[in-house]
Visitor: 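Questions regarding the structure given below will be posed in turn.
Side chains are part of it too, since the values below use all heavy atoms of this structure and drop only hydrogens, waters and symmetry mates. When a residue number appears, it is its place in the shown sequence, counting from 1.
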Amino acid sequence: MVKLYAAVVFAFIAATVIVITGLSSDARAITVFLRSIVGFISAGLVVYILLKVLAAQGIMDFDAFIEAKDEEALAELEGEESSAAGENTAEDESPETGEAKPAEKGESAQFEPLSSDDLTRMETPE
């Protein structure tokens, strides 16, 4: 479906450009209309055929790419839901004291703002 959507978008853009240029050049309305129809169909076909060829050659298949992204997103959501459920039960068992949680591994526990002494100064070329 992505191939079809992309073809329709590019065809619509082509038809819009043809209409704008036709109306700005004071062409007859029927001529502008027919040219925009031909431009819409031809641009749509060119884009659709190009995307089909790219998919057949294995260069880029947009449909498979989006399906893979959807499957990855679903897997991430299912993983987050199960881990979130585990975290909620652990939080319910421990009483809240109002203190900040300790930093995880690899994170610094304190925030240190930058000072002008820590910045590297660049010399201007002479």
Side-chain angles (χ1 to χ4, degrees):
M1 286 304 279
V2 175
K3 295 178 192 85
L4 184 63
Y5 292 148
V8 169
V9 167
F10 281 101
F12 179 75
I13 292 170
T16 304
V17 168
I18 291 169
V19 167
I20 290 171
T21 56
L23 292 177
S24 67
S25 66
D26 294 328
R28 291 185 299 177
I30 191 71
T31 305
V32 172
F33 177 72
L34 291 176
R35 286 182 182 174
S36 66
I37 294 290
V38 170
F40 182 85
I41 292 171
S42 61
L45 282 175
V46 167
V47 170
Y48 186 77
I49 291 170
L50 179 69
L51 292 177
K52 276 287 230 197
V53 168
L54 287 175
Q57 295 293 327
I59 296 172
M60 184 62 175
D61 188 6
F62 291 100
D63 289 328
F65 180 73
I66 291 194
E67 288 175 7
K69 283 288 194 184
D70 289 342
E71 290 172 1
E72 289 175 9
L74 255 126
E76 287 178 10
L77 284 176
E78 290 173 356
E80 288 176 3
E81 287 175 359
S82 63
S83 66
E87 289 174 5
N88 287 342
T89 57
E91 288 177 3
D92 292 341
E93 294 171 359
S94 64
E96 293 186 24
T97 59
E99 297 177 3
K101 294 183 181 179
E104 301 208 12
K105 294 179 182 176
E107 294 183 25
S108 64
Q110 296 179 354
F111 173 74
E112 297 177 15
L114 287 175
S115 65
S116 60
D117 298 333
D118 296 337
L119 299 175
T120 304
R121 303 280 181 197
M122 300 298 294
E123 297 288 328
T124 56
E126 294 179 14

Visitor: With a cut-off of 3.5 Å and sequence neighbours excluded, list every side-chain donor-acceptor pair involving residues 5-12.
Guide:
none

Visitor: Which side-chain N or O atoms in residues 36-52 pair as donor and acceptor under 3.5 Å with protein atoms at least two apart or in another chain?
Guide:
from, atom 1, to, atom 2, distance (Å)
Ser36, OG, Val32, O, 3.2
Ser36, OG, Phe33, O, 2.7
Ser42, OG, Val38, O, 2.9
Ser42, OG, Gly39, O, 3.3

Visitor: Mind checking side chain to side chain contact (heavy atoms under 4.5 Å, CB included) for Gln57 and listing every partner two or more places apart, or none if nothing turns up?
Guide: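 In terms of side chain to side chain contact (heavy atoms under 4.5 Å, CB included), with neighbours along the sequence ignored, Gln57 is linked to Val53, Ile59.
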